[in-house]
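In what follows, every heavy atom counts, from backbone to side chain, and hydrogens, waters and symmetry copies are set aside. Start at 1 with the first residue, then count along the sequence. As the structure lists them, so they are numbered: ligands from 1, and atoms in each ligand from 1. Worth saying up front: this structure is predicted, and the values here are computed from it rather than measured.
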Amino acid sequence: MPDLTDQMKRFAREHGADLVGVAPAQRFADVPPERSPLSIFPEMTAAVVIGRRITRGTLRGLEEGTNLGLYEQFGYSWLDMQFVAMTTFEVTQWLEDRGWEAVPLFGFPPEAYPQGIAVREGAPAPNVYPDFDHAAVAAGLAELSYVRLALTPQFGHRQRFQLILTDAPLEGDPMLDAGLCGMCLACVEICPLGAISADHDSTVAIAGREFTVAEIDFGKCRRCQNGARPNRYHPSGAPDRRGAICMRTCMQMLEDNGKLETQFAHRFRVREPWARDALGEPTQVKTPIGPSQGTGCADPEGFRKVDEEARP
Ligand code: SF4
Ligand code: SF4
């Protein structure tokens, strides 16, 4: 129903959503039951994926190393638990006011499964939680990057998502095909702990699309003192890396190469990045993306160049 879908998206944007996409239920048909939204709401027809951005300035305190807590609130806890949650809840209410059941889901890490005992034969144990990065791909908002996170044309890795499962007859969005992750390996090169493998990768299939993803040692990311955060919901969940030096470097890479729609008057990285080793001691890192302008890219031909004149 295009009208209902357009109205829902307009409402979501008016209530703070930067990103809103719809994944038809069939796109989750191949997801294992312990991660499938269909295990939570078998009659669902669609998943609505709501995203709000981590503003670029929220990363400034981490980049300079002078305010490590700013990101924790505006980039992580408040953003996830209040700002995105409020938008998600308002859209949930909007759908139910029109007679469609709507199930809001927050970003509990699927790695923490299971947390209970199955209530009937054949059912997965509670608590089933879908992978939100995969859902954002299924909703046409993102592609999966080499570091296993949703990458959008608007913000790169700078956003957080929540989900609404509904039986409303919403029209699905086409899958995104933007070639955002250029496999430049800048994230691999900059990581002070060597957590991302350049050689060991695998393929993840989401709704018929395949993505090459790295083997990542999340044990190292849990010890990382370069802007990573423990998972706020469960210690076994993947740590939050969106503010870490690897992802700040990726953002600069994407900006330098004109990959992102959101542009800025000034470059983000203007000084050599600081880094700490696993013990928290200062360390030197290879800086594929330093303070000077340049592609820093192993395969610069793979990137579209920034049109300086087009910048605000
Ligand atoms: S730094 Fe390069 S390889 Fe790593 S996620 Fe970003 S675009 Fe992909
Ligand atoms: S979070 Fe830290 S340890 Fe993990 S990949 Fe990024 S920089 Fe490396």
Undergrad: Does ligand 2 have any atom sitting under 4.0 Å from a heavy atom of P192?
TA: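 Contact check P192 vs ligand 2: positive.
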Undergrad: Answer yes if the ring centres of F106 and Y233 are under 6.0 angstrom apart, and no otherwise.
TA: yes
Undergrad: Checking R229 now: which residues fulfil side chain to side chain donor-acceptor pair (under 3.5 Å) with it, not counting sequence neighbours?
TA: E72
Undergrad: Going by the order shown, which atoms of ligand 1 are within less than 4.0 Å of some heavy atom of C184?
TA: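 Answer, ordered by atom number: 1 (S), 2 (Fe), 3 (S), 7 (S).
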Undergrad: If only atom types and distance count, is the side chain of K9 paired as donor or acceptor with the main-chain N or O of V22 below 3.5 Å?
TA: no
Undergrad: Holding to side chain to side chain donor-acceptor pair (under 3.5 Å), I want the full list of residues that pass it with R160, two or more places apart in sequence or in another chain.
TA: Y71, D240
Undergrad: For ligand 1, is any non-hydrogen atom under 4.0 Å from M253's backbone (N, CA, C, O), its side chain (CB onward), both, or neither?
TA: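 Neither; no heavy atom under 4.0 Å.
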Undergrad: So does R269 pair up with E63, basic N to acidic O under 4.0 Å?
TA: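 Yes, charged N to carboxylate O under 4.0 Å.
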Undergrad: For the pair R158 (side chain) and R242 (backbone), establish whether a donor and an acceptor sit closer than 3.5 Å, ignoring hydrogens and angles.
TA: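 Looks like no, no N/O pair under 3.5 Å.
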Undergrad: With respect to atom 8 (Fe) of ligand 1, please indicate if C187 possesses an N, O or S atom at a distance under 2.8 Å.
TA: no
Undergrad: Could you tell me which atoms of ligand 2, counted from 1 in the order shown, lie closer than 4.0 angstrom to a heavy atom of I245?
TA: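 Every atom of ligand 2 under 4.0 Å from some heavy atom of I245: 7 (S).
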Undergrad: Would you please name every residue forming a side chain to side chain donor-acceptor pair (under 3.5 Å) with E64, sequence neighbours left out?
TA: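 Residues passing side chain to side chain donor-acceptor pair (under 3.5 Å) with E64: R60, R271.
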Undergrad: Check for a donor-acceptor pair, side chain of N231 on one end and backbone N or O of A238 on the other, with a separation under 3.5 Å.
TA: yes
Undergrad: Counting only protein N/O/S, how many atoms fall short of 2.8 Å from atom 4 (Fe) of ligand 2?
TA: 1
